[in-house]
Amino acid sequence: MKCRRCKEPAVVALPSHNSGFCGDCFFMYFSRQVDKAIRSHELFSREEPVLVAISGGKDSLALLLELHSQDYQVTGLFVDLGIPDSSDLARAKVEAFCAAHGLDLQVVETAAHGLAIPVVKKAVRRPICAVCGKVKRYYFNKVAMDQNFAALATGHTLDDEAGRLLANTLRWDGPYLSDQGPRLEAENGFARKVKPLFRLTEFETAVYCFLKGIDYHMSGCPYAQGASFPVLKEAMADLEEKRPGQMLSFYLSFLEKGKPAFTAMEKEQGADLAPCVECGYPTSAGTCGVCRIKAQVADAGGI
Amino acid sequence: MIHVTLEAQAEQIELENVKSVVALLNKLKRKPARCLVIREQEGGDQLLTPDAQLRYGDRIRIRDVSSRG
């Protein structure tokens, strides 16, 4: 296979674009997809400070490096969840990566707030992945708001977004469908949330990391076994293999034709948000989810 | 014969009569867009596309790309 642009030998095949690229041309393709994502949905400008949530995995590290290379004002945020044999390994990768590339990094340790995930896991009866996600999002938003970042960027890829869209659609979940997209406006105490990698697949971020020599955290979370979301992501990947381009088409068509209806419906029927009585975080339930988790941990003797 | 390392499983296997990347992926029941196929070589490892031919004695690493939580 030859590179579509320069005719040198290709190192990556992209059936969804009916293309193959050499390393240099792949970087050009990758940068253009990120640029197109940012411009088409006005995610942020080069004058705005952007907080990038990083896990240590390939997607978020690729995002941080690519935005930095495109001269955006980025700061990485790693939330250390205190998960044994996982959080410390991921954190070491993140710290080494940011030091090597001269990138600003902030770290929040949930254990310092009484929310180390092993402690939380013992105290709550709900699936730990949902609780862990809530805790992470809480601190991502809190840092973005407290430090006046213009936007909070995450490394969600097309696989994530299309898989999530499939999950939301299977449940016809109006509130989630109204919120899904590459840009969620800042409102009611929430920072603007953006997903600059929504046009790129996990495969493409993996290729990017390989070609850039990024040493990312590959091990899965020891608590994530049995989570249902990867099943739907795999289902989308199967569909994409049989019909290349379907995943992007599904997602973009939803943004154009489906989302506006759900957004309008949610404006009329959605729950009103107010600051949490404990911490001020926006919630529809008086006390926010994280403060309720803290109370459960305290009841279990964890704090 | 080629030597294959499955990174996710930290497992090493040896395969005979596998002459292309697409044949290797079929044998391993993996999809081209769900893993990187990496040839180990002096001067820097190389990514391989599905149509690439494999050589006797190749050392290949399979890196799954799916995020795992």
Side-chain angles (χ1 to χ4, degrees), chain A residues 1-3 9-16 19-23 26 55 57-60 83 86 128-129 132-133 155-157 159-160 163 201-211 213 216-227 229-230 233-234 236-238 240-242 244 247, chain B:
Chain A
M1 175 178 281
K2 291 198 165 144
C3 174
V11 296
V12 54
L14 301 179
S16 58
S19 293
F21 291 118
C22 68
F26 174 77
S55 64
K58 64 187 187 314
D59 305 327
S60 55
I83 299 171
S86 179
I128 192 61
C129 289
C132 181
H156 289 96
T157 61
D159 300 73
D160 298 316
T201 64
E202 285 188 327
F203 176 75
E204 289 163 338
T205 60
V207 170
Y208 181 91
C209 287
F210 174 84
L211 295 174
Y216 60 87
H217 182 60
M218 292 190 201
S219 306
C221 174
Y223 294 159
Q225 290 169 356
F229 182 49
K233 261 171 70 171
E234 289 300 323
M236 282 304 304
D238 287 346
E240 176 69 15
E241 191 199 14
K242 291 182 176 71
M247 199 154 59
Chain B
M1 177 189 293
I2 61 169
H3 309 270
V4 181
T5 301
L6 306 171
E7 290 187 347
Q9 292 84 5
E11 183 185 344
Q12 297 195 334
I13 55 177
E14 293 181 343
L15 296 171
E16 303 268 7
N17 297 321
V18 180
K19 303 204 183 311
S20 69
V21 170
V22 72
L24 172 63
L25 293 175
N26 286 337
K27 200 150 206 163
L28 297 173
K29 295 187 169 53
R30 277 176 162 79
K31 299 180 177 71
R34 304 307 290 161
C35 62
L36 303 187
V37 180
I38 302 162
R39 173 185 279 144
E40 296 179 4
Q41 59 183 21
E42 286 186 20
D45 294 348
Q46 178 189 22
L47 272 185
L48 299 177
T49 52
D51 63 321
Q53 297 298 300
L54 298 175
R55 302 188 288 250
Y56 183 86
D58 261 343
R59 307 191 77 83
I60 302 293
R61 281 187 285 132
I62 303 292
R63 178 174 301 170
D64 293 330
V65 303
S66 197
S67 297
R68 288 186 290 163

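Numbered from 1 within each chain, the chains take letters A, B, ... in sequence-line order. All values below were derived from every heavy atom in this structure, side-chain atoms included, with hydrogens, water molecules and symmetry-related copies excluded. Bear in mind that the values here come from a model prediction, so they are computed numbers and not experimental data.
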Which pair of heavy atoms, one from A/V11 and one from B/T49, lies closest together, and at what distance? C-CG2, 3.6 Å

Using every non-hydrogen atom in the two residues, find where B/R63 and A/F210 come nearest and quote the distance to one decimal. NH1-CD1, 3.9 Å

Is there a side-chain contact between A/E234 and B/R34, using heavy atoms and a 4.5 Å cut-off?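 In short, these two side chains touch, coming nearer than 4.5 Å.
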
Taking the side chain as everything from C-beta on, heavy atoms only, tell me whether B/P32 gets closer than 4.5 Å to A/E241.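 Heavy-atom side-chain distance check passes, below 4.5 Å.
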
For the interface with chain A, which of B/P50, B/A52, B/C35, B/G44 has the highest count of heavy-atom pairs at distances below 4.5 Å?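 Answer, by heavy-atom pair count under 4.5 Å with chain A: B/C35.
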
Based on non-hydrogen pairs under 4.5 Å, which of B/I38, B/D64, B/L48 is most in contact with chain A? B/I38

Using heavy-atom distances under 4.5 Å, tell me whether A/L14 contacts chain B through its side chain, its backbone, both, or neither.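 Neither; nothing under 4.5 Å.
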
A/F26 versus chain B, heavy atoms under 4.5 Å apart: side chain, backbone, both or neither?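 Interface part for A/F26: neither.
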
Would A/E204 and B/V65 count as a side-chain contact (heavy atoms from CB on, under 4.5 Å) if you check the C-alpha gap in whole Å, the side-chain angles of each, and the deciding distance to 0.1 Å? CA-CA 9 Å; A/E204 289 163 338; B/V65 303; over 6 Å; no

Using heavy-atom distances under 4.5 Å, tell me whether B/E7 contacts chain A through its side chain, its backbone, both, or neither. side chain

